[in-house]
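Reading through the C-alpha cells given below for one structure.
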Amino acid sequence: MLPSVGSQDSHPRTSPKSCCGRSMGPRSHHFSLGFSVSSLGLLFLFSLFPECLGAEGKLAHKLFRDLFANYTSALRPVADTDQALNVTLEVTLSQIIDMDERNQVLTLYLWIRQEWTDAYLRWDPDAYGGLDAIRIPSSLVWRPDIVLYNKADAQPPASASTNVVLRHDGAVRWDAPAITRSSCRVDVSAFPFDAQRCGLTFGSWTHGGHQLDVRPRGTAASLADFVENVEWRVLGMPARRRVLTYGCCSEPYPDVTFTLLLRRRAAAYVCNLLLPCVLISLLAPLAFHLPADSGEKVSLGVTVLLALTVFQLLLAESMPPAESVPLIGKYYMATMTMVTFSTALTILIMNLHYCGPSARPVPAWARALLLGRLARGLCVRERGEPCGQSRPPESPPSPQPPNGGARPPAVPCREPQCLCRQEALLRHVATIANTFHSHRAAQRRYEDWKRLARVMDRFFLGIFFSMALVMSLLVLVQAL
C-alpha cells in the first residue's frame, strides 16, 4: 500500500486541495474532511444572509426586471380609470435669486417634492429579501405634468434628471431642484417701505380634477433651508388650494398657490436716498434766516433745488415705471415744491427789503398787523429794543412849503437891521428844513420796509421749517 500512497502524492491533480491550493498528505486526510464539513456549514450560513454574497444587488435587478417588464410610463398609473390620482406637492424655498422690479419677474431657487401612488409598481418585500424601496431614474416612471402657471421664462420647462424613491406599496417620491422665474405684480406705492405678495401657482397642464387632484402638504412652504436675502425679508409662504373652471374646458382644474410674503429692507435706501433729502429739506428754510445784504439767499434756494433734482434722477433710475408714485417720490416732489415756493418768496421779500426811499409808506393795516402784533409775537425788534415790544408807529411829518401855509402876522420891527426883514434867507432856511424832514421821512419809510421784510422772513422761516420737519417725520415713521 505504500507505493500507492506514494503514487498518490506524486500526482497532484488527483490529490485533494486546501483553500490555499497546496496538496495534503495522508496524515492530514482526516483534517481535510473536517475542514470540508466546516466549509459547507459556512456556505449554508451565507445562504441565510444573501447580502454577504451581494444578493441584494441581484434581487434589486430581479425586482427591476419584474416591475418594468410590462410597465409603461405613458399612461396614468391607476387601477380604475375613473379614479382620480392624488398628488401631494411640497415646496421648500432655498434662495431668492433676483427680484426684477422693472420687468416684474421674481427668480427663486426651490426644492419641489411630489408624491403619488403608482398602482403598477408594487411588490412583496419578503419575496425579494426584505427589499422595500429602490431608487430609479425618474424618466422610467410616470410623472405628473405639474407646471408653474405664471411662468415668466420663454424657454420650455426642463425636467430635472433626478431619481425617484419607489416603495413596495407603490408610493413614489420625486425630489427635484428648480430655478423658477415667475411673474409678480410689484406695488411700489410705499417704496422703500413696501411689502410684496408674489404667488406661484402649480397645477396639471392637461389633467383635470377628475383625473389628477393636486393638494399641498401642510399649510405653507418650508423655510428651514432658506438663505437670507440682503434686500428682502421673507415673512412667510402660505399655501392655498383652489379649484377653477376655465372657459376652454368644462371639468374643474385644481391648483396650489404658494404666496411669498416679502418686506423690503429699507436701511440702505434710508441712508442713501432718504436721509440726504431730509437734511437738504431742513436746510432750505434757512434761506429766510440769511441777511438780505449777504447776497446768498436766492443762491441757497437754487442750490438746494439742484441737489434735490440730482437725487430725484437717481431715484428714477432705480424705480420701475408704475402708475402709482412711490412714497419717497412723493416726498421728493413735495420737498422740491416747498423749496421752489421758498425761493420765490425770498425774491419777493428781497424786493420789499430793497424798496428804497422813493417807496410809498407801509399801509396802515400792514403797520398795525405785521409791524405791530406779528413783530411782537416773532420777537422782531430794533437794535436795543427788548423782545415783545415794538417801536410805536410814527406818522411821517408833513413838510411845510416855503411860501405856502398861513404865517403869523408880521410884527413891525423897529430895528433897521432885523433878520425878520430878510425874506430870502427865511425861504432858504425853510427849504433846508423841509428837505431834511423829507429825507428823514423817506429814511423811516425805508427802515419800515426793511423791518417788514425781516418780519416776513421770520414768519416764513417758522412756516417752512415746520412743514419740512413734519414731512420728514411722516416719512421716517414708516421705517419704524
Q) Distance only, no hydrogens: is a donor on one side chain within 3.5 Å (strictly under) of an acceptor on the other, for S138 and T162? A)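 There is no such pair (donor and acceptor under 3.5 Å, judged by atom type) between the side chains of S138 and T162.
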
**Q.** Distance-only polar pair, side chains of D145 and T206, donor-acceptor under 3.5 Å
**A.**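 Their side chains do contain a donor-acceptor pair, which is all the 3.5 Å distance test asks for.
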
How many angstroms lie between atom [atom1] of [X] and atom [atom2] of [Y], to the nearest 0.5 angstrom?
X: I112; Y: T180; atom1: CD1; atom2: OG1; value: 7.0 Å
X: N150; Y: L148; atom1: CG; atom2: CG; value: 4.5 Å
X: F460; Y: M467; atom1: CZ; atom2: CE; value: 11.0 Å
X: C198; Y: L262; atom1: SG; atom2: CG; value: 5.5 Å
X: Q95; Y: I179; atom1: CD; atom2: CD1; value: 8.5 Å
X: I134; Y: L59; atom1: CD1; atom2: CG; value: 11.5 Å

Which pair of non-hydrogen atoms, one from [X] and one from [Y], has the smallest distance, and what is that distance?
X: A152; Y: S182; answer: CB-C, 3.9 Å
X: A74; Y: W142; answer: C-CD1, 4.4 Å
X: M336; Y: L308; answer: CG-CB, 3.7 Å
X: P254; Y: G208; answer: CD-C, 4.3 Å
X: L212; Y: A84; answer: N-CB, 4.5 Å
X: L282; Y: L286; answer: O-CG, 4.1 Å

Check this for me: [X], atom [atom1], are more than 12 non-hydrogen atoms of other residues, nucleotides or ligands nearer than 6.0 Å?
X: R241; atom1: CZ; result: yes
X: Y71; atom1: OH; result: yes
X: D80; atom1: CG; result: yes

Is there side-chain contact between [X] and [Y], with heavy atoms separated by less than 4.5 Å?
X: L223; Y: V234; answer: yes
X: L67; Y: W123; answer: yes
X: T245; Y: Y253; answer: no
X: T117; Y: R122; answer: yes
X: E90; Y: Q114; answer: no
X: T303; Y: L306; answer: no
X: I136; Y: N163; answer: no
X: M456; Y: R458; answer: no

Using modelled atom types and a 3.5 Å cut-off, is there a donor and acceptor pairing between side-chain atoms of [X] and backbone atoms of [Y]?
X: S342; Y: V339; result: yes
X: R113; Y: A176; result: no
X: K297; Y: T346; result: no
X: Y149; Y: S204; result: yes
X: R76; Y: P144; result: no

Q | Intermediate values then yes/no, side chain to side chain contact (heavy atoms under 4.5 Å, CB included), H168 and D124 | A | CA-CA 7 Å; H168 67 279; D124 185 8; over 6 Å; no

Q: Would you confirm whether the ring centroid of F464 sits within less than 6.0 angstrom of the ring centroid of F288?
A: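 For F288 and F464, the ring centres are under 6.0 Å apart.
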
**Q.** Pair R217 + E115, salt bridge at N-O below 4.0 Å
**A.**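 Counted as a salt bridge, because a side-chain N and a carboxylate O are separated by less than 4.0 Å.
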
Q | Salt bridge present between R215 and D213 (N-O < 4.0 angstrom) | A |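 Here R215 pairs with D213 in a salt bridge, since their nearest N and O are under 4.0 Å apart.
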
(Q) Between V141 and S73, is the side chain to side chain contact (heavy atoms under 4.5 Å, CB included) condition met? List the steps. (A) CA-CA 5 Å; V141 300; S73 60; 5.7 Å; no

Q: Would you list the pairs meeting salt bridge (charged side-chain N to carboxylate O under 4.0 Å, His left out) in which at least one residue belongs to residues 185-204, sequence neighbours left out?
A: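 Listed by first then second residue: D194-R264.
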
(Q) Using the rule given for side chain to side chain contact (heavy atoms under 4.5 Å, CB included), can you reason through L75 versus Y120, listing the C-alpha separation, both sets of side-chain angles and the distance that settles it, and then say yes or no? (A) CA-CA 11 Å; L75 300 177; Y120 301 109; over 6 Å; no

Q) What orientation do F311 and Y332 show, parallel under 30°, tilted 30 to 60°, or perpendicular over 60°? A)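 The rings of F311 and Y332 sit tilted, inter-plane angle from 30° to 60°.
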
Q) Going by the angle between their ring planes, with limits at 30° and 60°, are W111 and Y109 parallel, tilted or perpendicular? A)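 Rings of W111 and Y109: perpendicular, over 60°.
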
Please set out all donor-acceptor pairs under 3.5 angstrom arising from side-chain atoms of residues 267-281, sequence neighbours excluded.
| residue | atom | partner | partner atom | Å |
| --- | --- | --- | --- | --- |
| Y269 | OH | E231 | OE2 | 3.0 |
| N272 | ND2 | A268 | O | 3.1 |
| S281 | OG | C277 | O | 3.2 |
| S281 | OG | V278 | O | 2.7 |
| S281 | OG | Y331 | OH | 3.2 |

**Q.** Pi-cation contact, W232 with R265 (under 6.0 Å, within 45°)
**A.**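 Cation-pi check for R265 and W232: fails.
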
Q | Chi angles and distances behind the side chain to side chain contact (heavy atoms under 4.5 Å, CB included) call for D255, V214 | A | CA-CA 6 Å; D255 59 46; V214 184; over 6 Å; no

Q: Please identify each residue that fulfils salt bridge (Lys or Arg N to Asp or Glu O under 4.0 Å) with D66, with sequence neighbours left out.
A: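 D66: salt bridge (Lys or Arg N to Asp or Glu O under 4.0 Å) contacts with K62.
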
